[in-house]
Amino acid sequence: ITDISLVSTTVSSTKVTGTVLKVDTTNQLITVLTASNKLIYVKTSSVVSMIVASTGNYTYLTSIAVNSKLTAYGAYSDSKTFTAKSIIVE
């Protein structure tokens, strides 16, 4: 073997958990800090459901507070952007 080329990459993670640092309702983004101190931008434009864990009730992006803990399920679009399909706010 004399040459190795990377054709594509995939990220297998389908979940992001962290603390909410900012909620941008205009651009439908939530900035989250993970336990490993990584900033992730969670895109919410494709979210089907946002649920509050303690009540089981649906919630809205405008109701998510800074410093809330959340888990988003979906897929990474790139290393810092996660496109969520559902979000659970703790």
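We number each residue from 1, following the sequence as shown. Computed from heavy atoms alone, side chains included, the values below leave out hydrogens, waters and symmetry copies.
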_Could you check whether any side-chain N or O of Thr44 sits under 3.5 Å from a backbone N or O of Gln28, counting only pairs where one atom can act as donor and the other as acceptor?_
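Here the side-chain-to-backbone pair exists.
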Heavy-atom closest contact ([X] atom, [Y] atom, distance):
X	Y	value
Asp78	Thr81	OD1-N, 2.9 Å
Ile40	Phe82	CG2-CB, 3.8 Å
Val42	Ala72	CG1-CB, 4.0 Å

*Side chain to side chain, Lys85 and Ser46, heavy atoms closer than 4.5 Å*: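 Answer yes - side chains close enough.
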*Side chains of Lys69 and Thr17: closer than 4.5 Å at any heavy-atom pair?*
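No. Closest side-chain heavy atoms not under 4.5 Å.
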Check residues 49-57 and write down every donor-acceptor pair under 3.5 Å in which the side-chain atom is one partner and the other belongs to a residue at least two apart or another chain.
unit_1: Thr55; atom_1: OG1; unit_2: Asn57; atom_2: N; d: 3.1
unit_1: Thr55; atom_1: OG1; unit_2: Asn57; atom_2: ND2; d: 3.4

Point-to-point distance, once rounded to the nearest 0.5 Å, from [atom1] of [X] to [atom2] of [Y]:
X	Y	atom1	atom2	answer
Asp24	Tyr41	CG	OH	11.0 Å
Lys22	Leu39	NZ	CG	11.5 Å
Ile87	Tyr73	CD1	OH	11.0 Å
Leu21	Ile30	CG	CD1	11.0 Å

For a quick test of your reading: what N or O donor-acceptor pairs under 3.5 Å do the side chains of residues 58-65 make, sequence neighbours left out?
none

*Leu33, Leu29: one ILVMFWY side-chain cluster at the under-4.5 Å cut-off?*
yes
